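Worth saying up front: this structure is predicted, and the values here are computed from it rather than measured. Proteins get letters first, then strands, A, B, ... in listed order; numbering begins at 1 in each. All heavy atoms count here, side chains included; hydrogens, waters and symmetry mates do not.
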There are 2 protein chains.
Amino acid sequence: MRREKGLLIVLSGPSGVGKGTVCGALRKHDTHIQYSVSATTRNPRAGEEDGVSYFFKSKQEFERMIRENELLEYAQYVDNYYGTPRQYVEDTIAKGHDVILEIEVQGALQVKETFPEGVFIFLMPPSIKELRNRIEGRGTESQDLIDSRMTIAKDEIDLMDKYDYVVENDEVELAVERIKSIVTAENCKKERLIHLYKELVEE
Amino acid sequence: MRREKGLLIVLSGPSGVGKGTVCGALRKHDTHIQYSVSATTRNPRAGEEDGVSYFFKSKQEFERMIRENELLEYAQYVDNYYGTPRQYVEDTIAKGHDVILEIEVQGALQVKETFPEGVFIFLMPPSIKELRNRIEGRGTESQDLIDSRMTIAKDEIDLMDKYDYVVENDEVELAVERIKSIVTAENCKKERLIHLYKELVEE
């Protein structure tokens, strides 16, 4: 298939749904999809490489990036910033590669504002009961914390409307196949291809 | 994945692109996709079964179907009518099955008017040279006829804009995989699923 630019795929969903597991399984497939590299102000840990694990930035540099709209989204956890540099995404899709970004719902909504041409996929638990099982399955949390996580998760599901696709995570490999299909289909969208084919006919 | 209704997939493209070959190859995959059954006024041939090969209709009955908008599209060839009954498509998608309709460009544009919620896929040759090879490859046609077919094919390609997706038929199995991906992705579209999931959360 002809193509001009790659796509930014944003994979999100309520906490506990298994975004990390699905994204990890997708990496094992031979898809040519690139993985977005985050920027952070935290210190590198042993074995972490700048530009691979993260782009490591000083607090001053990160705040400059915020001011100059160089981030598709960012958040502060404890004392550190984390965010998605626009440049890496733009460069990768300009080369014709698709990029995937796995991110919490609040971050995805920021990306929707800063990069609306992205493809937004909402990963969904097969049932609310199953979501509770997964949240409880993490083990050590108190009942109050579990209840509060469930409330947050339900609020996050209410934001599904902002997304383009809903993928059920009933089985990890099925969810991966659905995501791969969405990427293939998006690359076949008429809007993305019509000018390439118009040139073909005029040759 | 949850689902409520199936989809109508309309597979079209310029004459000579290989719609029949691709649709035939798709049938060999285990996709659960149903194939639309046409209505016709021509006489059944040996082995043809009513409701399977075609719905066989009298001229009078067919013209009543036209008047009462019971056809998604129709055309007259020589002395016979051919068309796509709406009822079969509606019944099949109501049961949650996807239906595929392989059809010429003019017919597809009629379906776009009568059933705009369909998913319209334009099958495209990898190059104009390859399209000419395929048209010439049929063998017996004169140069004038080949040139006139090429002109028609180019006019048909100009109608690509009316479609949702463009699938390149560079290799039949690749084209089939792209069509399967489009069907999967369309079934993951938020618009088709959100109310099912809203109910899930409210349970």
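Taking the side chain as every heavy atom from C-beta outward, Val17(B) and Phe122(B) never approach each other to under 4.5 Å. Within the 4.5 Å cutoff, the side chain of Val37(A) has no heavy atoms near those of the Val52(A) side chain. Taking the side chain as every heavy atom from C-beta outward, Lys5(B) and Arg192(B) never approach each other to under 4.5 Å.
For chain A, no part of Pro14(B) is nearby; none of its heavy atoms comes within less than 4.5 Å. In this structure, the portion of Leu193(B) lying under 4.5 Å from any heavy atom of chain A is its side chain and not its backbone. Interface residue Asp158(B): backbone and side-chain heavy atoms are both found under 4.5 Å from chain A. Only the side chain of Met124(B) comes within contact range of chain A, with at least one heavy atom under 4.5 Å from a heavy atom of that chain.
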Tell me, with the steps shown, if Val166(A) and Lys190(B) meet side-chain contact (heavy atoms from CB on, under 4.5 Å). CA-CA 5 Å; Val166(A) 179; Lys190(B) 180 254 300 176; 4.2 Å; yes
Step by step, would you call Arg42(B) with Glu48(B) a salt bridge (charged side-chain N to carboxylate O under 4.0 Å, His left out)? CA-CA 12 Å; Arg42(B) 80 155 166 74; Glu48(B) 285 185 342; 3.0 Å; yes
Start with the C-alpha distance between Lys57(A) and Asp50(A), add both sets of side-chain angles, then the distance that settles salt bridge (charged side-chain N to carboxylate O under 4.0 Å, His left out), and finish with yes or no. CA-CA 9 Å; Lys57(A) 304 286 179 190; Asp50(A) 189 40; over 6 Å; no
Would you check, one step at a time, whether the test side-chain contact (heavy atoms from CB on, under 4.5 Å) holds for Leu71(A) with Gln110(A)? CA-CA 10 Å; Leu71(A) 297 164; Gln110(A) 281 187 58; over 6 Å; no
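Contacts classified as salt bridge (charged side-chain N to carboxylate O under 4.0 Å, His left out) and involving residues 172-184 of chain A (residues at least two apart or in different chains) are given here: Asp170(A)-Arg178(A), Glu177(A)-Lys180(A).
Enclosure of atom NZ in Lys189(B) by more than 12 non-hydrogen atoms of other residues, nucleotides or ligands within 6.0 angstrom is indicated.
Most heavy-atom pairs under 4.5 Å with chain A: of the set Thr184(B), Asp161(B), Leu131(B), this distinction falls to Asp161(B). Per-residue heavy-atom pair counts under 4.5 Å with chain B were compared for Ser181(A), Ala153(A), Ala185(A), and the maximum is reached by Ser181(A). Per-residue heavy-atom pair counts under 4.5 Å with chain A were compared for Ile179(B), Ile182(B), Ile121(B), and the maximum is reached by Ile182(B). The candidate from Val167(A), Asp164(A), Asn169(A), Asn187(A) with the greatest count of non-hydrogen atom pairs under 4.5 Å with chain B is Asp164(A).
The pair Glu130(A)-Arg134(A) meets the salt-bridge criterion, with a side-chain N (NZ, NE, NH1 or NH2) lying under 4.0 Å from an Asp/Glu carboxylate O.
The contact list for residues 72-109 of chain A toward chain B, using heavy atoms and a distance under 4.5 Å, is empty.
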